[in-house]
Number of protein chains: 2
Amino acid sequence: MEMLETRELRYFITVAEELHFGRAAQRLGMAQPPLSRAIQQLERRLGVCLLRRNRRGVWLTDAGEMLLHEGRAALDATTAAARRTRRAAGADRPGGPRSRLVLAVKAGASHELLHKLLDAYAADPDAAEIEVLPSGTCEQEAMLRDGRADVALMHAPFNSLAGFDSEELTTEGQIAILPAGHPLAAHSTLALDDVRDIPGLPLARWPRNGTYPPGPGPEIHDLTQLAQLIALGRTVAVFPDSARAWLWAEHTAVPLTDAPPVVTHIAWPAHSRSLALAGLVRTATRL
Amino acid sequence: MEMLETRELRYFITVAEELHFGRAAQRLGMAQPPLSRAIQQLERRLGVCLLRRNRRGVWLTDAGEMLLHEGRAALDATTAAARRTRRAAGADRPGGPRSRLVLAVKAGASHELLHKLLDAYAADPDAAEIEVLPSGTCEQEAMLRDGRADVALMHAPFNSLAGFDSEELTTEGQIAILPAGHPLAAHSTLALDDVRDIPGLPLARWPRNGTYPPGPGPEIHDLTQLAQLIALGRTVAVFPDSARAWLWAEHTAVPLTDAPPVVTHIAWPAHSRSLALAGLVRTATRL
DNA sequence: CCCTGTCATACCTGTTAGGTATCACCCAAG
DNA sequence: CTTGGGTGATACCTAACAGGTATGACAGGG
């Protein structure tokens, strides 16, 4: 039984995403004919039909669907191996840091917690160098999987901890962030339903897995943009309690009574065996 | 940045395991010079020194150690992708089963539970075909990782659930299995310390991660062998309660008061998205 | 009916994976 | 000190194959 090559996986995944050999070849920086041949050869070697072709297009068989999912995981693991190996190379260089960890954090979230964690860990005599890598919305999982990060702060129920080892750090409630002058801002508490359909004040929308959920609210790319839209009275947003750290004077935070609590975890790939990581996790759980 | 090829990974891992280019080349079925060159090229492409060479041998740098671990995970993911794709190929063949799941079970363990699970699941109108794959000691994790299995019954604290999704099924105590005629077999309960150092009756040893822990007891390969050695009065073993199912007349089971409870879980790769798997898990948790 | 867009085929070429022969080197035995 | 066995590296060759260009086959829409 022959081994699947990464190049073949990369080709197939691109074709499966585009469902179009020409565009896929373009994305791969190659001509279409060799790509067609490579996929045919892959199908022959696996003894499996991956794509149904029609003059009018291409779509995936069940087996193709499977290879798309599993192949993505395999490619992630491979690039992770390369990235982490490159990163580990500095460790035994004279004068360099003993070792180094990349910590992925959702940009703007858990600022205070992160600060305390870094301070506490720096006190550890044989602490590794920590590089903090701000990530987009819910991008931490992907960063751990493909090796851009070694460890991450994740926020249940927004992030999924499936496939990672993790330790629980803190739990917090959620708040609604309203324009300071809005009538609802006078309340001492609110319910989720109160803020879901405020006339003239639609709930802001965040990308989940790269796409925006449907709805009337504005599509948000970063926190500054959101803060401004709230201050201008154009939208309202729901955030964990720790978001109070970056509120403006034109904002008012009102606790939500029935929003699910947000649990912050420190998470890392399940197979990690790094001493530096173990030290960081120990520090985090003792905070 | 160029991509790591699976062939290179396979070569490096073999060399890292053998710490000897000649033997590694032999295991890979190739000559030594091209292997040396391939590793050199890998080091150049990664920009990293993976091996320290000496005329008297080869050993791993820190980066090499990292690539050995991460590369194994990546190779497992790749072979898993190939295996699962091949397996999924039958699904849309006319006349074949709608789909198929491979369930890894430690040989001889949880017999009754397994039976109930299979019966209950077979009642499901759109049940997949289940292939039961008996695994060696603690081999289920590896089988899930490299795609030989899709789902497994695991026994904490013997198996590690790290990196998998899982649901708890049952909890049971542990028993000591003694030769029927032994003085200790008359007791109604025992403590772990009572059976750890019985004069003339050493505790049987199981392979953990492919190697046997040190000790005076016999090295066990399969249950029949163990059962015979116990019946002959040569050894004693500690097992979960459900092991009573395969006891012989010459065996006596005595409950252990202070042994950690054994928790049986059903576990699967965290990224699985199979409907058949979801159905099986639902059935299992409702038992 | 032709034109456009799609994937497949035919054929060529440069790269490279892998084989054989040999070197350079260390160490141990004499 | 010398020599031989065992190690990984180098030199060189060949065959396989990845990738490019040109073109074919075929379905739908104007």
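All chains are named by letter (A, B, ...) in the order of the sequence lines, taking the proteins before the strands, and each is independently numbered beginning at 1. These numbers come from the heavy atoms of this one structure, side chains and all, not from hydrogens, waters or symmetry mates.
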Enquirer: Can you check whether B/R53 has a side-chain N or O nearer than 4.0 Å to OP1 or OP2 of D/dA9?
Expert: yes
Enquirer: Tell me: CD of B/E43 to P of D/dA9, nearest whole Å?
Expert: 8 Å
Enquirer: Rounded to the nearest Å, what distance is computed from the CZ atom of residue B/R10 to the P atom of nucleotide C/dA17?
Expert: 13 Å
Enquirer: Roughly, in whole Å, what's the span from CD in B/E5 to P in C/dG18?
Expert: 12 Å
Enquirer: Whole angstrom is fine here: how far is it from CD in B/E2 over to C1' in C/dT15?
Expert: 13 Å
Enquirer: Return the value, rounded to whole Å, for the distance between atom CD of A/Q40 and atom C1' of D/dA18.
Expert: 15 Å
Enquirer: Quick one: does B/P269's side chain get under 4.5 Å of B/R84's, heavy atoms only?
Expert: yes
Enquirer: Determine whether B/V151 and B/L280 make a side-chain contact, defined as any pair of heavy atoms from C-beta on separated by less than 4.5 Å.
Expert: yes
Enquirer: Does either side chain, that of A/Q32 or that of A/S36, offer a donor lying less than 3.5 Å from an acceptor on the other one?
Expert: yes
Enquirer: List the atom of A/T85, the atom of B/L67, and the distance in Å for their closest heavy-atom pair.
Expert: OG1-CD1, 3.2 Å
Enquirer: Whole Å only: how far is the CZ atom of B/R44 from the P atom of C/dT16?
Expert: 11 Å
Enquirer: Under 3.5 Å, is there a donor-acceptor pair between the A/Q140 and A/H155 side chains?
Expert: no
Enquirer: B/R10: which residues meet the side chain to side chain donor-acceptor pair (under 3.5 Å) condition with it, sequence neighbours left out?
Expert: none
Enquirer: Nearest whole Å is fine: how far is D/dG8 P from B/L51 CG?
Expert: 10 Å
Enquirer: So do the side chains of B/S274 and B/L101 get within less than 4.5 Å of each other, counting heavy atoms only?
Expert: yes
Enquirer: For A/R7 and D/dA18, is the shortest distance between a side-chain N/O and OP1 or OP2 below 4.0 Å?
Expert: yes
Enquirer: Within the structure shown, what part of the strands sits under 4.0 Å from A/Q41 by heavy-atom distance: base, sugar-phosphate, or nothing?
Expert: sugar-phosphate
Enquirer: Can you pull out the residues from residues 13-37 of chain B that lie within a 4.0 Å heavy-atom distance of DNA chain D?
Expert: B/H20, B/F21, B/G22, B/Q32, B/P33, B/S36
Enquirer: Tell me: CD1 of A/I39 to P of C/dC7, nearest whole Å?
Expert: 11 Å
